[in-house]
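Worksheet for the structure shown next.
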Protein chains: 2
Amino acid sequence: MKREKQKVSIKDIAKELGVSITTISFVINGKAKNRISEKVIKKIEDYIEKVGYRPNSSAQSLRTGKSQTIVFMAEDISDPFFSTVAKEMEGLAFKHGYRIIYCSTENKKERALELLDLFKDKEVDAFIITPPEDFEEETRTLIAEGKPVVLFDRYYHRMDHHYVVLDNVVSTKAAVEFLKSKGFKNIGFVGLKSKLSPMEDRLKGYRESVPVPKSVLIKFNSVGKGVGNKQLEDFLDQHPELDALLFATNSLAIAGLRVLKAKNILIPAELGVATFDDRELFELHSPSISVISQPVSALAKELIKGTLKLLEIGVDPFEVKKSLKGTLIPRASTEK
Amino acid sequence: MKREKQKVSIKDIAKELGVSITTISFVINGKAKNRISEKVIKKIEDYIEKVGYRPNSSAQSLRTGKSQTIVFMAEDISDPFFSTVAKEMEGLAFKHGYRIIYCSTENKKERALELLDLFKDKEVDAFIITPPEDFEEETRTLIAEGKPVVLFDRYYHRMDHHYVVLDNVVSTKAAVEFLKSKGFKNIGFVGLKSKLSPMEDRLKGYRESVPVPKSVLIKFNSVGKGVGNKQLEDFLDQHPELDALLFATNSLAIAGLRVLKAKNILIPAELGVATFDDRELFELHSPSISVISQPVSALAKELIKGTLKLLEIGVDPFEVKKSLKGTLIPRASTEK
DNA sequence: TGAATTTAGTAAAACGTTTTACTAATCTTA
DNA sequence: TAAGATTAGTAAAACGTTTTACTAAATTCA
């Protein structure tokens, strides 16, 4: 009963149709023009259609050295931001005959290295990566190995490479201006203690748009935990004059909302709130939270478009450098 | 500068070390015992270590017919439930030398068929799938083709197959009993109009634990939209006696919360609320929402454990049939 | 008409493994 | 000491493609 569907190979087709393997390969790969007669092409195409022949991709990979596979190394594939981008990319890539393999670094250097090691063979054609903290040297090495590498979400100032990111400086400035326009006068900033470009740029954008910056930077792995919450509480205690808070990431905001709730601080009456990254949570929260939303579809599109271009044209002449703007979605948390 | 790291093959090693390709292959695959001398084994292993040799997986796949790849066909990989399970599986599978390829059916039959078609070649060793609506025949066909197939989240009553699911009947009953214990007397049920087992089982569990069931079933693709919201509003209007609502999925609950907010219905004073699947949103909502949480890690572990077992032992003698219990997390929305 | 060109196709090598079937040398044991 | 068993290894085929270099026949053109 359980017979493995016996796969048909080019050789089988050749025998059946009385033509050579080469001829079939030419037809399959669209190299038959001016080489093979229309009649034979038709015959082969019809037979392929009839038996549902699909080339063995291992054999193709072995022969061509290409695997039709792109690795997407996210910070955390279970984070809604990354998983949404991943899903969009998957759809686009499939349309072009590429598969995507996802993995998560958890923002850990060693994990990222392990993963790269696993993929560094011939088995992957291109990399889309969100490098973890302190990964500049390793990224450089990876790029030097010659396969297309597109950085996502973060990039390096001191290094030439392909990337697709949010324009964090500009987006942050827009958010601060928005808060000002809503009548907030003392805007504080809650960021992540990190050298990753989004964190540096968001802080920079903030600093450049308020007269007296007041910010607190939470350690990455203490967000939502005792230490991180304590830091935030202290910050609020030390700055009773603050009338609004801008959070640099959605997880910071979520942790922050918990703290504010615990301290019985009223939003927006006592404190306005805005954050990066939209999530259902923010829309449904009472009050709903204003956000700077990242253009997920556009990011995914640019990533795949860029990667395919690099795959096609080659790494060198072509440049992928995209910096997209976020969209501000005003909600109740910023209506004084 | 951009030199592709010239990959070293078994042939290169053989030439360098003056042994045969066969010998090296035996050593690599642990088949050297009682065949090759300790001295030679050591020499080969050391050299492999030194040059960082990694076998070409396309060649391995071509030769063995195995690709060390598992497909996870989720309903929607950007849904937190699926993406969390995916991430956990990814980690476990990697440890055993397997990669996972994700894709999303969007609960559409045609999309699922397309995807299966894409994978049906030799390129994949096993399938973990959440079949969309009306996919029983197709699933049967897939299974008949002989590769391991493990269903996730949903299963078929009339068919013998491997699966890992939540015990929805029991979990729903527990939730209803919990609501009763909290003093709710008129519990309504908001489900999805669907023949997928979780939806049928949750409804069944509900029906069997209340004296007079009152339920409304929303169409899958109208959740959160005008039509679906209208359905829910009508249901509430027709049953003013209800004092609690049990939602069958997290997206139903989210849509429901919006409706309740719009109608100014107070939770839990006027209406108690509980739902399936935990999300940060429910913890942070005001009031926080009681949930039946799925054991994500355990599900992922069983899925990978089962799949690997099938891969190892073969599909037939071994059975993967796991039905795990959800955990009830009581929160403010059910405290009268 | 005959040389040059075009058309229509093929043979065979190569990609990098795994594995079967073999050999040659050494070791046991009766 | 001779036959059998064990040890230590190897040659070569096969997996299913792609591609280079070739040929033979038909067509063109001066």
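Just so you know, these numbers come straight off a predicted model, no measurement behind them. The sequence lines fix the lettering, A, B, ..., with proteins before strands; numbering per chain opens at 1.
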Do any side-chain nitrogens or oxygens of [X] fall under 4.0 Å of OP1 or OP2 in [N]?
{"X": "B:T23", "N": "D:dT10", "result": "yes"}
{"X": "A:Y53", "N": "D:dT17", "result": "yes"}
{"X": "A:S9", "N": "D:dG16", "result": "no"}
{"X": "B:N29", "N": "C:dT18", "result": "yes"}
{"X": "A:T22", "N": "C:dG9", "result": "no"}
{"X": "A:S58", "N": "D:dT17", "result": "no"}
{"X": "A:K39", "N": "C:dA8", "result": "no"}
{"X": "B:S57", "N": "C:dT17", "result": "no"}

Treating A:D76 as the side-chain partner and A:F82 as the backbone partner, does any N or O pair qualify as donor plus acceptor under 3.5 Å? no

Touch check for B:I21, heavy atoms < 4.0 angstrom, all strands: base, sugar-phosphate only, or nothing? base

Classify the nucleic acid contact of B:S25 as base, sugar-phosphate or nothing, counting any heavy atom under 4.0 Å across all strands shown. base

B:E38 with B:K42: basic N within carboxylate O range, under 4.0 Å: no

May I ask you to say whether B:K87 pairs ionically with A:E106, meaning some side-chain N is under 4.0 Å from a carboxylate O? yes

In Å and rounded to the nearest 0.5 Å, what is the [atom1] to [atom2] distance from [X] to [Y]?
{"X": "B:K301", "Y": "B:L324", "atom1": "NZ", "atom2": "CG", "value": "11.0 Å"}
{"X": "A:L151", "Y": "A:F135", "atom1": "CG", "atom2": "CZ", "value": "10.5 Å"}
{"X": "A:K15", "Y": "A:S9", "atom1": "NZ", "atom2": "OG", "value": "8.0 Å"}

Given atom [atom1] of [X] and atom [atom2] of [N], what is their separation to the nearest angstrom?
{"X": "B:K15", "N": "D:dA11", "atom1": "NZ", "atom2": "P", "value": "14 Å"}
{"X": "B:I13", "N": "C:dT17", "atom1": "CD1", "atom2": "P", "value": "8 Å"}
{"X": "B:L62", "N": "C:dC15", "atom1": "CG", "atom2": "P", "value": "14 Å"}
{"X": "A:Q60", "N": "D:dT19", "atom1": "CD", "atom2": "P", "value": "10 Å"}
{"X": "B:K11", "N": "D:dT10", "atom1": "NZ", "atom2": "P", "value": "16 Å"}
{"X": "B:K31", "N": "C:dA21", "atom1": "NZ", "atom2": "P", "value": "14 Å"}
{"X": "B:I36", "N": "C:dT19", "atom1": "CD1", "atom2": "C1'", "value": "13 Å"}
{"X": "B:K66", "N": "D:dC15", "atom1": "NZ", "atom2": "C1'", "value": "14 Å"}

For B:G18 and B:A59, take the nucleotide of DNA chain D holding the closest heavy atom to each; which residue's nucleotide lies nearer the 5' end? B:G18

Taking donor-acceptor contacts at under 3.5 Å, does the side chain of B:R63 reach the base of D:dA14? yes

By nearest-nucleotide position on DNA chain C, the 5'-leaning member of A:F26 and A:N34 is A:N34

